[in-house]
K.L.:
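Dropping a structure here in structure tokens format, bear with me for questions.
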Protein chains: 2
Amino acid sequence: MTDLDALDLRILDLVQENAEMPGEAIASAVGLSASAVQRRISRLKREGVIEKIVALVEPRSVGRTVTVLVEVEIENERRSALEAFKRWVVEAPEVQSCWYVTGDADYVLLVSTRDLDGYNAFIERLMTEQPVVRKYKSLIALKTIKRGLKVAMDGD
Amino acid sequence: MTDLDALDLRILDLVQENAEMPGEAIASAVGLSASAVQRRISRLKREGVIEKIVALVEPRSVGRTVTVLVEVEIENERRSALEAFKRWVVEAPEVQSCWYVTGDADYVLLVSTRDLDGYNAFIERLMTEQPVVRKYKSLIALKTIKRGLKVAMDGD
DNA sequence: TCAGTCATGCAACAATCTCGCGCCGCACAC
DNA sequence: GTGTGCGGCGCGAGATTGTTGCATGACTGA
């Protein structure tokens with residue numbers, strides 16, 4: 001596996017917040033030269049530590065007003081149908097994230113749609129196209145307090 | 001407010017997937033010149049449509065093995081304590097995202113920790129430092145099927 | 001001690017972004 | 001219709017940022 005030193009972690013901490021920061025700025029922050037920083041960053045990308053660099057878009061400003069956490073229960077039977085379900089989820093543009101979880105629910109989906117009509121259409125599509133879904137529960141996000149996928153680098 | 005045309009949406013669709021794509025590549029994909037694309041992107045940033053550009057880090061590769069969705073119930077009383085709770089959540093490094101939701105739970109937290117000990121420590125800190133939290137339920141993510149915050153640009 | 005390895009800093013180079021310019025198309029007034 | 005202003009465009013020069021080759025120094029193991 002990859003082992004990362006303290007400098008790598010500090011660099012990751014910075015680029016998770018702002019990936020546009022020039023190598024030179026990171027360099028002076030962590031005490032390296034710009035080229036050393038760039039080399040580390042491209043290594044981190046090559047090794048898959050940095051999955052990708054993406055733009056975070058404010059959903060409301062592109063007309064996506066509805067965010068829902070959907071808890072999904074599965075007919076715990078055929079395995080092939082489960083694979084199809086997962087593929088469906090991965091390809092569905094409304095689904096931002098999806099986890100297989102412990103507890104009453106089997107999967108939790110983070111879904112973003114234009115409005116409640118759009119969400120309803122999504123759920124309808126889910127239930128008709130994926131019969132493995134036995135039931136679901138919608139936790140509609142009335143307010144987003146914090147939004148991100150940043151992982152901490154220090155000791156929790 | 002901002003109104004975005006079809007070209008803006010196509011650009012946003014691309015940079016949400018890969019923000020490193022050179023302006024020229026985007027340009028040829030959407031049928032513009034590189035400088036026009038760059039101008040649009042900086043306008044989108046200025047207007048807050050693009051919140052920021054960030055690196056997505058694979059949690060396991062930095063030693064974060066535990067992801068949990070925490071459903072939190074609140075003592076629906078003092079409003080000031082609620083504000084303190086939200087501030088706490090925003091500042092807690094383990095919390096990646098947090099939504100105020102409908103349903104039995106009041107808030108849902110997306111939490112990432114090094115291991116179950118780390119998660120336990122987080123919960124303990126949450127419960128002792130934030131008495132507004134009446135109870136909670138942990139949905140431990142055994143597997144991440146899809147991870148991202150990309151919002152769809154087309155018609156759902 | 002002596003290679004060998006690896007990451008570094010520096011400097012040249014390449015790629016990308018930024019910005020001013022002139023141009024075109026559209027809307028509105030006359 | 002014709003004029004005028006506005007806004008976004010493409011082009012190109014210059015600035016910024018990223019990439020790569022090379023020599024140096026630290027560490028490792030024989």
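Convention: sequence-line order gives letters A, B, ...; per-chain numbering from 1.
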K.L.:
Is A:V111 close to A:T67 at the side-chain level, that is, under 4.5 Å between some pair of heavy atoms?
P.N.:
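Side-chain contact under 4.5 Å: no.
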
K.L.:
At how many degrees, to 10°, do the end axes of the helix from C:dT1-D:dA30 to C:dC30-D:dG1 meet when each uses five pairs?
P.N.:
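Angle reported: 30°, given to the nearest ten degrees.
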
K.L.:
Could one point to a donor on the side chain of B:S42 or the base of C:dC17 with an acceptor on the other under 3.5 Å away?
P.N.:
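Between C:dC17 and B:S42, which were checked side chain against base, a qualifying N/O pair under 3.5 Å is absent.
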
K.L.:
Between C:dC19 atom P and B:I41 atom CD1, what is the distance in whole Å?
P.N.:
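Spelled out: CD1 on B:I41 to P on C:dC19 is 14 Å.
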
K.L.:
Tell me: CE of B:M21 to P of C:dA15, nearest whole Å?
P.N.:
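Distance check: B:M21 CE to C:dA15 P gives 18 Å.
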
K.L.:
From CD1 of B:I50 over to P of C:dC17, roughly how many Å is that when rounded to an integer?
P.N.:
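The distance from CD1 of B:I50 to P of C:dC17 comes to 12 Å, rounded to the nearest Å.
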
K.L.:
Report the distance from atom CD1 of B:I53 to atom P of C:dC17, rounded to the nearest whole Å.
P.N.:
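Rounding to the nearest Å, CD1 of B:I53 and P of C:dC17 are 11 Å apart.
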
K.L.:
If you only use heavy atoms from C-beta on, which nucleotide in C:dT8, C:dG20, C:dC10 is closest to the side chain of A:A36?
P.N.:
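Closest of the options to the side chain of A:A36: C:dT8.
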
K.L.:
For A:R39 and A:E24, find the nucleotide of DNA chain D closest to each by heavy atoms; which residue's nucleotide sits nearer the 5' end?
P.N.:
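Nearest-nucleotide comparison on DNA chain D picks A:E24.
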
K.L.:
Please evaluate the base of C:dC10 for a donor-acceptor partner in the side chain of A:S33 within a cut-off of under 3.5 Å?
P.N.:
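Flag unset: no donor-acceptor pair detected.
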
K.L.:
Rounded to the nearest Å, what distance is computed from the CG atom of residue B:L32 to the P atom of nucleotide D:dC9?
P.N.:
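After rounding, the reported distance stands at 6 Å.
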
K.L.:
Would one find more than 12 heavy atoms of other residues, nucleotides or ligands at under 6.0 Å from atom CD of B:E73?
P.N.:
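Check passes, neighbour count above 12.
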
K.L.:
For residues A:L149 and B:I53: do they belong to one hydrophobic cluster (side chain heavy atoms under 4.5 Å, members Ile, Leu, Val, Met, Phe, Trp, Tyr)?
P.N.:
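Different clusters.
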
K.L.:
Rounded to whole angstrom units, what separation is found between the CZ atom of B:R46 and the P atom of C:dC17?
P.N.:
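About 17 Å, once rounded to whole Å.
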
K.L.:
Between B:R40 and D:dC9, does any side-chain N or O lie under 4.0 Å from OP1 or OP2?
P.N.:
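Indeed, a polar side-chain atom of B:R40 lies that close.
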
K.L.:
Can you work out whether A:G23 or B:A34 has the more 5'-proximal nearest nucleotide on DNA chain D?
P.N.:
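Result of the comparison: B:A34.
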
K.L.:
Once you round it to whole Å, what is the distance between P of C:dT16 and CD of A:E20?
P.N.:
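Rounding to the nearest Å, CD of A:E20 and P of C:dT16 are 16 Å apart.
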
K.L.:
With hydrophobic residues grouped by side-chain heavy-atom distances under 4.5 Å, do B:V72 and B:V90 end up in a single group?
P.N.:
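As far as the 4.5 Å side-chain criterion goes, B:V90 and B:V72 are connected within one cluster.
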
K.L.:
Do the side chains of A:R40 and A:D5 get close enough for a salt bridge, i.e. N-O under 4.0 angstrom?
P.N.:
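Salt bridge present between A:R40 and A:D5.
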
K.L.:
Between P on C:dA12 and CD on A:Q38, what's the gap in Å once rounded to a whole number?
P.N.:
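From A:Q38 CD to C:dA12 P: 19 Å.
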
K.L.:
Are side-chain N/O atoms of B:S138 and B:Y119 paired as donor and acceptor at under 3.5 Å?
P.N.:
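Yes - a donor-acceptor pair under 3.5 Å links their side chains.
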
K.L.:
What nucleotide, of C:dC19, D:dG18, C:dT8, holds the atom closest to the side chain of A:P22?
P.N.:
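Nearest to the side-chain atoms of A:P22, counting from C-beta on, is D:dG18.
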
K.L.:
Please confirm whether A:Y107 and A:W88 have ring centers closer than 6.0 angstrom.
P.N.:
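No, they do not, as the ring centres are separated by 6.0 Å or more.
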
